[in-house]
Amino acid sequence: MNIFQHFLSVLLDQLHALQAEGVLGSDIVLDKVAVEPPRDASHGDLATNAAMVLSKAAGMKPRDLAGKISEKLTATGQFSSVDIAGPGFINMSLSDAFWQGQVSDVLKAGAGYGSSNLGQGAKVNVEYVSANPTGPMHVGHTRGAVFGDALANLLEKTGHEVCREYYINDAGAQVDVLARSAFLRYREALGQDIGAIPEGLYPGDYLVPVGQKLAADHGEALLEKSEADWLPEVRALSTSMMMDMIRDDLAALGITHDVFFSETSLHESGAVEETLKLLDEKGLIYQGVLEPPKGKTVEDYEARPQTLFKSTEFGDDVDRALKKSDGSWTYFAPDIAYHFDKYNRGYTNQVDVWGADHAGYIKRMSAAVRAVTGSNNDVLDVKICQLVRLLRNGEPVKMSKRSGNFVTLREVVEEVGRDVVRFMMLYRKNDATLDFDFAKVTEQSRDNPVFYVQYAHARICSVLRNGTDEEKGFAGEDLSDAALSGADMSKLSDDAELALIKQMAAFPRVMESAADAHEPHRIAFYLYDLAGAFHSLWNKGKDHPDLRFIVKEDKGATLARLALIRAAACVLAAGLGVLGVEPIEEMR
RNA sequence: GGUCCCGUAGCUCAACUGGAUAGAGCACCUGCCUUCUAAGCAGGUUGUUGCAGGUUCGAGUCCUGCCGGGAUCACCA
């Protein structure tokens with residue numbers, strides 16, 4: 001349960017009552033009324049801006065209106081205190097008993113804690129990775145891959161029906177280059193001396209197996225054919241083998257897509273033509289000449305008549321080309337058809353996860369989606385993941401893409417582990433650049449959030465193991481979630497214990513707001529804070545042995561505290577589950 | 001030059017989509033660390049939120065204009 005949502009409805013009931021009594025006009029809109037955690041915990045557990053946002057419409061001073069509202073709230077008996085503060089905030093506090101009850105609620109929900117029906121089953125398509133099938137994934141793809149996957153998890157857990165999709169660019173010139181590069185490896189596999197890989201072809205070793213497969217399948221037969229004859233076949237095999245490799249790379253990160261959508265299929269089915277015809281019928285397509293970009297000198301610019309889309313009518317800066325001057329499609333045309341296809345599959349909510357280098361592409365894509373769907377509300381949300389700077393002890397890691405000697409996703413995962421990669425890629429807002437320091441991310445200290453959060457979970461597991469230890473704990477005691485949820489939680493009265501409970505109880509709200517904003521990083525930051533609250537409580541037991549989780553002389557308190565930390569472990573595990581990070585049970 | 005992103009403590013970053021006295025970690029200072037798991041804990045110090053206006057009860061957040069950094073810029077993907 002999102003307690004803030006719950007108490008918002010309590011508040012709204014009271015506001016409606018005030019409307020019924022004529023204190024508030026019945027036509028006043030209550031949309032802007034919110035119940036939130038106050039920034040400063042000393043202000044209470046819940047705060048509302050109701051009096052401030054309604055005062056003008058009500059014709060009352062904020063503090064006077066706050067007085068009326070707080071009387072009503074007090075009368076519900078649900079709050080231990082209701083105060084008016086500052087410019088008209090109403091601060092509410094909840095009883096310890098309420099908070100203690102939350103521990104049982106968490107335990108009963110278990111791994112499902114934080115899940116909600118916020119999305120009400122709405123279909124959402126999250127398209128991410130979509131790396132060209134021309135080689136292994138490199139580190140630049142990693143952030144978007146993890147981000148998209150975590151966002152999909154987050155949306156799933158908040159009641160959306162999510163499709164994880166990968167768009168395969170298997171129709172452009174780059175896959176022809178791939179095919180030629182593979183053909184070279186084919187000749188190599190047949191024993192020919194191919195020398196250095198020519199400029200403009202893909203030099204990477206990963207094409208060697210493709211050449212060998214071609215040699216095994218065809219022998220020398222392809223050598224006899226002209227390029228036009230062998231190209232389609234070699235291209236198909238190459239892209240399919242590249243996709244296998246990419247799927248393996250993604251699997252190393254724990255990522256699986258539901259749909260791999262081929263660009264070629266859009267051409268073959270005629271979807272591109274159909275989509276363009278639709279735009280044409282709407283009068284959004286014309287033959288024209290694009291001006292050279294302002295300010296930037298393009299040396300080989302020449303005026304060319306092209307088929308253009310009126311994206312300026314939908315907020316873009318210039319109109320965009322759908323066909324090249326030679327009459328073939330630009331990449332933009334099938335992209336429109338692709339997004340329209342998603343729309344026609346029922347995805348009126350689409351998220352695209354792109355790298356920073358594609359940021360300039362957002363306006364035209366959004367424009368095209370608006371045009372083709374005829375929808376006013378935004379169907380498409382594009383999330384840009386900014387660059388990742390790889391560092392080792394603060395020094396930038398040199399990368400040279402030219403030689404094909406770039407850092408691959410797999411190398412990073414193998415060096416530091418999947419969990420570390422996933423967590424760190426989410427420990428920044430997506431639109432801020434991110435530093436990834438190989439040395440720092442494997443450090444075992446509070447400075448390293450992955451460690452800190454996982455350690456909290458492992459520590460809890462360890463304490464629970466001790467809970468049934470003959471010497472340290474209570475042998476044979478039933479410490480299952482079901483048993484613990486029945487413990488006498490009134491024993492949890494220390495401030496640090498209540499603080500931990502309050503932190504846990506905020507989780508459902510964090511989940512909902514993160515899902516709403518499409519910002520999974522909020523979960524990572526939340527977990528770091530939650531881990532901090534737990535470690536802090538653990539350490540309190542050093543100075544105050546009576547506050548330790550396991551107190552041999554007090555079984556009642558022990559069970560309540562084990563319930564508390566077990567609940568914290570559930571929340572940690574649920575949050576880590578969204579990030580796709582394993583909640584480990586033991587540190588080694 | 002256009003567009004987009006970023007600019008918050010000495011450093012790395014948060015700030016729950018407009019809330020109250022802007023918060024964490026690192027660093028620095030003081031104390032603790034023969035512990036239910038050691039890799040830490042408690043406390044203290046740290047600010048013209050790049051600058052200048054505007055919007056309103058209220059701005060780090062929204063708008064306008066500057067400054068600085070990054071990405072990107074006809075037909076390539």
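Not measured: the values here are computed from a predicted model. Per chain, numbering begins at 1; letters A, B, ... match sequence-line order. All values below come from the heavy atoms of this structure, side chains included, with hydrogens, waters and symmetry mates left out.
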* To do: Could you provide the dot-bracket string of RNA chain B, using ( ) for intrastrand pairs, [ ] for crossing pairs and | for bases paired to another strand, with Watson-Crick or G-U pairs below 3.5 Å?
  => (((((((..((((.....[...)))).(((((.......))))).....(((((..]....))))))))))))....

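For the pair A:F534 CZ and B:A42 P, the interatomic distance rounds to 13 Å; values are reported in whole Å. With rounding to whole Å, A:W538 atom CH2 is found 6 Å from B:C36 atom C1'. What separates NE2 of A:H358 from P of B:C5 is a distance of 17 Å, to the nearest Å. The nearest whole Å value for the distance from the CG atom in A:L537 to the P atom in B:A42 is 11 Å. Rounding to whole angstrom units, CZ of residue A:R566 and C1' of B:C36 are separated by 17 Å. Atom CD1 of A:I384 and atom P of B:C4 are 13 Å apart (whole Å).
Residues satisfying the salt bridge (Lys or Arg N to Asp or Glu O under 4.0 Å) criterion with A:R63, sequence neighbours excluded, are absent altogether. Partners of A:D170 under the salt bridge (Lys or Arg N to Asp or Glu O under 4.0 Å) rule, at least two apart in sequence or in another chain, do not exist in this structure. For A:Y301, there are no ring pair (Phe, Tyr, Trp, His ring centres under 6.0 Å) partners at least two apart in sequence or on another chain. With sequence neighbours excluded, no residue satisfies salt bridge (Lys or Arg N to Asp or Glu O under 4.0 Å) with A:R548. For A:K540, the side-chain hydrogen bond (donor to acceptor under 3.5 Å, both in side chains) partners at least two apart in sequence or on another chain are A:D494. Annotation: salt bridge (Lys or Arg N to Asp or Glu O under 4.0 Å) contacts of A:E519 (sequence neighbours excluded): A:R522.
Pairs of residues two or more places apart, or lying in two chains, that qualify as salt bridge (charged side-chain N to carboxylate O under 4.0 Å, His left out) and include a residue from residues 29-43 of chain A are A:E36-A:R509.
Note on A:D469 versus A:R465: no salt bridge recorded, every NZ/NE/NH1/NH2 to OD/OE distance being 4.0 Å or above. Using a cutoff of 4.0 Å between basic side-chain nitrogens and carboxylate oxygens, A:D352 and A:K383 are not scored as salt-bridged. Comment: A:D437 does not engage A:R389 in a salt bridge, judged by the lack of any side-chain N to carboxylate O separation of less than 4.0 angstrom.
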Show me the donor-acceptor pairs, under 3.5 Å and distance only, between side chains in residues 524-533 of chain A and residues at least two apart or in other chains.
| unit_1 | atom_1 | unit_2 | atom_2 | d |
| --- | --- | --- | --- | --- |
| A:Y526 | OH | A:Q503 | O | 2.6 |
| A:Y528 | OH | A:R446 | O | 3.1 |
| A:Y528 | OH | A:R446 | NE | 3.3 |

* **Protein proximity profile, nucleotides 11-20 of chain B - base contact B, sugar-phosphate-only contact S, no contact -, cut-off 4.0 Å on heavy atoms** => -SSSSBB-BB

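Taking 4.0 angstrom as the limit, A:Y452 places a side-chain polar atom (N or O) nearer than this to OP1 or OP2 of B:C41.
Heavy atoms of A:Q306 sit under 4.0 angstrom from primed sugar atoms or phosphate atoms, though from no base atom. Residue contacts shown for A:K540 are absent, as no nucleic acid heavy atom lies under 4.0 Å away. A:I550 comes within 4.0 angstrom of a base, heavy atoms only.
Sequence order on RNA chain B of the closest nucleotides to A:Y528 and A:R548 puts A:Y528 first from the 5' end.
RNA chain B lies under 4.0 Å from at least one heavy atom of each of the following residues of residues 321-339 of chain A: A:K324, A:T330, A:Y331. Using a 4.0 Å cutoff on non-hydrogen atoms, the parts of residues 456-472 of chain A near RNA chain B are A:A458, A:R459, A:S462, A:V463, A:R465, A:N466, A:K472, ordered by number.
Judged by the 6.0 Å distance and 45° axis criteria, A:R392 is positioned over the aromatic ring of A:F438. Under the 6.0 Å distance and 45° angle rule, A:K323 counts as a cation-pi partner of A:W329.
Checked against A:L15 for a side-chain contact (heavy atoms from CB on, under 4.5 Å), the options A:V33, A:I28, A:T48, A:L73 give a single hit: A:V33.
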